[in-house]
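Structure first, commentary second.
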Amino acid sequence: MLAGCRFEFAEHHDATPPVPDAPPIALACNTPVRLGDGAGSELAATATATRVLATWLDPNGMLRSGGARISAEAAIPFAVTPAQDGAFVHVGIAADANRDQILGVATDATGGSFLSITDDATLTIGAVFPSTIALTGAHGVAATGVDTPAWVIAGNDIATAREQAAGVSPAGTIGPPLDSGQFSARTTLVPFDSRIALIDVAVGNNCDVKTMNAAITTNVNSVGWGTNGQCTQATAAFSPGRTEALLVRHDLTDIDLNHVIATINANGTLTVPGESKLGSLASEARGVGVTDGYSVLFEDSGMLDVIHVGFAGAKEPPIVLGPVPSATGHDLVLFGGEPYAIWLGDGLQLARICQ
């Protein structure tokens, strides 16, 4: 089954050169710019040394991608061609620690995933290779911070019927799986300096977080947080060098986003105190660590908001960026130390966030 899907998928990865760059667009603080056409959901983004790159699923489940080169507070839009046809359900993307290679992962409805590595300088897409680990959201791919494995993927493994993580090398090989527990409704990966946090929503809507080493060979016991039976869409943000992390999760009962500053212990576990409300009637948080805290992007009643949270947990008033038709059609990345939001609103849009 995977071999057949791989053949069809690979036909559309012929390393066709990207569409020529468009003229630059000035990036004023917190001001959206339109990069080009785009509609859909499940958007995932990453930042390389030169660009912010996003990939997403259009309304037919086909892969689309685009973004902008960032230079001197200006965006130079680009699109990657051709569009990758198929019927996919999740897509993820992450640059390596050197920010010059990008791992892309697409999962179809059968539970098979298809991976390829793209060169940042030329946007040349490499050969496609399969995995039995199925992504369950847009953030099941992350850089490890080391050369090998350069990335880690995580999700539900159709071969073992367990949640698994595995390292991916720059040569396009997948390491042995690391068992991470029972099936998860959504698995999210966030680098925590020399470790990688695996955040999942276990069966029954319970959120927990565990951390893995960069070699993806060991993990520590998970720690739960939030209200049991009501916790979904769990994620985290981390600022390098810190000994704490921001945890954010959605509540099924009051439809709010809640956040907490958790202490990262020396053994890789987390200590989680009481939560505070981040946003009402909000969902699908995406976060990054900045020099003075965390920046969090989320959907709020059909609008896209970004909010700053300090290291002690205090939040500032949100900045409204504009409509976002799909709650999963946005992402937040760090480029040059600044957060950039990229989303599907009036086409593919980008904003440099200043808070």
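Owing to the predicted nature of the structure, the values given are computational and were not obtained by experimental measurement. One-based numbering along the sequence shown.
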Whether over 12 other heavy atoms sit under 6.0 Å from Glu316 CD | yes

What heavy-atom pair brings Asp96 and Ala150 nearest, and what distance separates the two atoms?
-> CB-CB, 4.2 Å

Quick one: does Phe78's side chain get under 4.5 Å of Leu53's, heavy atoms only?
-> yes

So, Asp200 and Lys210, do they make that salt bridge, N to O below 4.0 Å?
-> yes

Heavy-atom distance under 4.5 Å between the side chains of His259 and Glu275, does that happen here?
-> no

Among Asp208, Val190, Thr187, find the one that has a side-chain contact (heavy atoms from CB on, under 4.5 Å) with Ile199.
-> Val190

Determine whether Leu348 and Trp343 make a side-chain contact, defined as any pair of heavy atoms from C-beta on separated by less than 4.5 Å.
-> no

Considering residues, nucleotides and ligands other than Asp254, do more than 12 of their heavy atoms fall under 6.0 Å from its CG?
-> yes

Answer yes or no: is there a donor N or O on one side and an acceptor on the other, between the side chain of Gln233 and the main chain of Glu284, under 3.5 Å?
-> yes

Looking at Gln355 and Ser295, what are the two nearest heavy atoms and their distance?
-> OE1-OG, 3.3 Å

Non-hydrogen atoms of Pro77 and Pro23 that approach each other most closely = CD-O, 3.5 Å

Looking only at heavy atoms, the pair that brings Val209 and Leu270 closest together is CG1-CD2, 4.2 Å

Does Arg64 come within less than 4.0 Å of Asp58, counting only side-chain N to carboxylate O?
-> yes

When you check the gap from the basic side-chain N to the acidic O, do Arg186 and Glu163 get nearer than 4.0 Å?
-> no

List the atom of Ala26, the atom of Val33, and the distance in Å for their closest heavy-atom pair.
-> O-CG1, 3.7 Å

Just wondering, are more than 12 heavy atoms of other shown residues or ligands nearer than 6.0 Å to CG in Asn221?
-> no

Establish, yes or no, whether the cationic atom of Arg242 lies under 6.0 Å from the six-membered ring centre of Phe311 and within 45° of the ring axis.
-> yes

